[in-house]
Amino acid sequence: MKNLLHITGLLVIVAMLSSCKKWVDYDAHEDFLVTEKDYLRSSDDYNTMVISVYSPLQWLNQTVPIGDIASDNAVTGGENASDVLGLQQIDDYTHTPANDYFTEIWKSAYEGINRANYLTQYKDKNISGNSISFTGKDALYGEVYFLRAYYYFTLVKFFGDVPLFFDRRLNLSDSRTLQRSPKAEVYAQIEKDLNAAIAVLPNSNPQAGRATKYAAQALLGKVLIYQNKFDAAVATLENVVNGPFTLMPDFADIFLQSGENGAESVFEIQYSNLFPYWNWGAATRGQGNYAVQQCGIRGLTGSSPYAPGWSTNLPTQELAKAYAAGDQRKAATVLDIEAYKTAHPEFTITYQAAPYKNTGLYNQKYLPRKGETSGQTELNYLNNYRTIRFAEVLLLAAEANNRASTPNDARARDYLNRVRRRAFRDNLHDVNASGTALRQAIWDERRLELAMEGDRFFDLVRTGRAATVITGFKAGKNELFPIPQREIEISQLQQNPGY
């Protein structure tokens, strides 16, 4: 379909089942297809359509492994050099505009934006010109604004200047009518959407996974830091720091099924396998978290709690060595399979020979576990992505305070050391530095705390350290990924430098 941003002409609507543990049934099922002329006639229509705006969040699951594979945290792994070739190219810095992973991220994010725009286009009156009012409508639109901001933030991080549209849903006649907008304009719209969301969203929602005021404030704080607007970030993030969140005592518990949507969760992308749905032709668009299967140990057998996978997104030995003795986050982030096998002879573990680019380590945070998938096993893991955690909010607030026009290093140290005290279970590892040394300590802590959660590459780029840290990274080129080739050909967009 040769429309500007590969956006479908139909809207995918999904029913929400509030009785299940996760509310996440915002997946694309073909039997729910309707056209805009048939829809937005009742409050139920609006509520259901908002759920469909959440769906592309799940499809963006490859943004997380890319954020570590493109950095010094992980290598692609896999069976051989041609396995998951697109990720291999990202790892080796040989990626081109023809990379399917970038195409899918582009398409998924713009599908989310187009769905959000459909709702904002008909906020006051539906397509028939009728006004639909109902209790909670403003808060519902707060979710739409939050989601649109999330999608645009994903795009601007990956691609820089991108086509910006927000007044209506695009259709086929819009092909070649939009060009890339400066990222400053995109960021301005992101801020506008998040401030609009903050004004109407509730502090909490009984349905896990839905956007709240705190989630919007946390995302806005991160967006402001990406733009070096540290004073504004301080004011925004303080609201979340002083909110209802706490650090989980045991770091590893965060990433267990029992730890989903817990006390530390500010926003999580929900996955489920209640009604297993999958499509090998679009593997990232099933109901479950495809990226979990990627992390598993190839050919694993035995009675351990872990399930086999495809041995991709492997942590590096360098990352493992970055953790100091006593830091509980190391064991919760990287799994040394041989050490684990030796420590647990009762599991009689066997697994396939060393994967390509073998590091001996696996992604413990999202390692597939038995009993957490159903239907098409590989594609239906129910593990949520912990997208914004309270620990990251503390580290963002620490950085903002340290880099503000009038720095508050005492407060920055307090926030940093809260995270470190959880990591070491004591206060003997507190940081006492100030100024640039404190700033570096905060950046180092982000690596240790958020490893394998998709932030490392973007942190290195935004802080200007990527060229000195990442092997193969070329300054002036690799700060951004290439615009997908089909968009260059169909929409005649200008390509990023160097591609």
Side-chain angles (χ1 to χ4, degrees), residues 61-62 64-69 71 73-88 90-91 251-257 259 271 273 278 280 283-284 286 288-321 323 328-386 451-454:
N61 59 74
Q62 292 303 286
V64 176
I66 287 173
D68 284 289
I69 288 170
S71 79
N73 273 2
V75 297
T76 298
E79 189 171 18
N80 51 52
S82 61
D83 189 19
V84 286
L85 185 59
L87 290 180
Q88 303 287 4
I90 293 169
D91 189 6
F251 183 81
D253 288 348
I254 300 168
F255 301 95
L256 299 177
Q257 185 177 354
Y271 289 88
N273 55 26
W278 64 90
W280 279 105
T284 61
N289 190 343
Y290 167 81
V292 173
Q293 173 68 17
Q294 291 176 294
C295 297
I297 302 166
R298 188 176 292 270
L300 181 70
T301 64
S303 54
S304 78
Y306 302 115
W310 296 335
S311 67
T312 60
N313 193 19
L314 307 176
T316 62
Q317 286 289 340
E318 180 191 357
L319 171 62
K321 292 174 182 177
Y323 290 94
Q328 64 164 310
R329 293 173 299 191
K330 180 178 180 179
T333 303
V334 298
L335 174 70
D336 182 326
I337 183 56
E338 279 299 311
Y340 183 82
K341 181 178 177 180
T342 299
H344 295 281
E346 71 276 14
F347 290 152
T348 61
I349 293 171
T350 62
Y351 60 97
Q352 192 170 315
Y356 182 62
K357 298 180 181 177
N358 181 41
T359 67
L361 305 176
Y362 292 84
N363 181 356
Q364 175 71 22
K365 286 182 177 177
Y366 291 106
L367 206 63
R369 295 172 182 266
K370 294 173 181 175
E372 295 185 3
T373 185
S374 63
Q376 183 59 53
T377 303
E378 297 90 342
L379 303 186
N380 273 313
Y381 277 95
L382 51 73
N383 309 59
N384 290 353
Y385 264 148
R386 281 65 166 172
M452 311 309 291
E453 296 181 50

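This chain uses plain numbering: 1 for the first residue, then up along the sequence.
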Q: For N73 versus S71, what's the shortest heavy-atom pair and its separation?
A: N-OG, 3.0 Å
Q: Under a 3.5 Å distance rule, please check whether Q88 uses its side chain to pair with a backbone N or O of G77 as donor and acceptor.
A: yes
Q: Answer yes or no: is there a donor N or O on one side and an acceptor on the other, between the side chain of N384 and the main chain of Y271, under 3.5 Å?
A: yes
Q: Working to the nearest 0.5 angstrom, can you tell me the gap between I69 CD1 and D91 CG?
A: 6.5 Å
Q: Decide, yes or no, whether a salt bridge links R298 with D83 under the criterion of side-chain N to carboxylate O below 4.0 Å.
A: yes
Q: Please report the shortest heavy-atom distance between A74 and N313, naming the atom on each side.
A: CB-OD1, 3.5 Å
Q: Rounded at 0.5 Å granularity, tell me how far CG in N289 sits from OH in Y385.
A: 4.5 Å
Q: Grab the two heavy atoms, one from P368 and one from P308, that are nearest each other, plus how far apart they are.
A: CG-O, 4.1 Å
Q: Are T316 and L361 close enough that some pair of their side-chain heavy atoms sits under 4.5 Å apart?
A: no
Q: Would you check if the side chain of N363 reaches a backbone N or O of C295 as a donor-acceptor pair within less than 3.5 Å?
A: no
Q: Does K330 NZ have over 12 foreign heavy atoms under 6.0 Å away?
A: no
Q: When you compare the side chain of F255 with that of Q364, does any pair of heavy atoms fall below 4.5 Å?
A: no
Q: Can you see whether T301 engages T350 through a side-chain donor-acceptor pair at a distance of less than 3.5 angstrom?
A: yes
Q: When you measure from the side chain of D68 to the backbone of M452, do you find a donor-acceptor pair of N or O atoms at a distance under 3.5 Å?
A: yes
Q: Between K365 and I254 (side chain of the first, backbone of the second, donor and acceptor by atom type, cut-off under 3.5 Å), is there such a pair?
A: no
Q: Minimum heavy-atom separation for N61 to P65, with atom names?
A: O-CD, 3.1 Å
Q: Under 3.5 Å, is there a donor-acceptor pair between the side chain of E372 and the main chain of N383?
A: no
Q: Would you confirm whether T312, through its side chain, and G78, through its main-chain N or O, come within 3.5 Å as a donor-acceptor pair?
A: no
Q: Could you state the interatomic distance from OH (Y381) to OG1 (T373), rounded to the nearest 0.5 Å?
A: 5.5 Å
Q: To the nearest 0.5 Å, what is the distance between CG (N358) and OG (S311)?
A: 8.5 Å
Q: Have a look at T359 and tell me which of V334, V75, L319 forms a side-chain contact (heavy atoms from CB on, under 4.5 Å) with it.
A: V75
Q: Identify the heavy atoms of Q328 and F251 that sit nearest to each other, and give their distance.
A: OE1-N, 3.1 Å
Q: Output the distance between atom CG (L367) and atom OG1 (T333), rounded to the nearest 0.5 Å.
A: 12.0 Å
Q: If the test is ring pair (Phe, Tyr, Trp, His ring centres under 6.0 Å), which one of Y340, F347, Y351 qualifies with Y306?
A: Y340
Q: Can you tell if the side chain of Q62 reaches within under 4.5 Å of the side chain of Q294, non-hydrogen atoms only?
A: yes
Q: Looking at R386 and E453, is there a salt bridge between them, counting it only when a charged N and a carboxylate O are closer than 4.0 Å?
A: no
Q: Could you report the tightest heavy-atom contact between P355 and L314, atom names first, then the distance?
A: CG-CD1, 3.8 Å
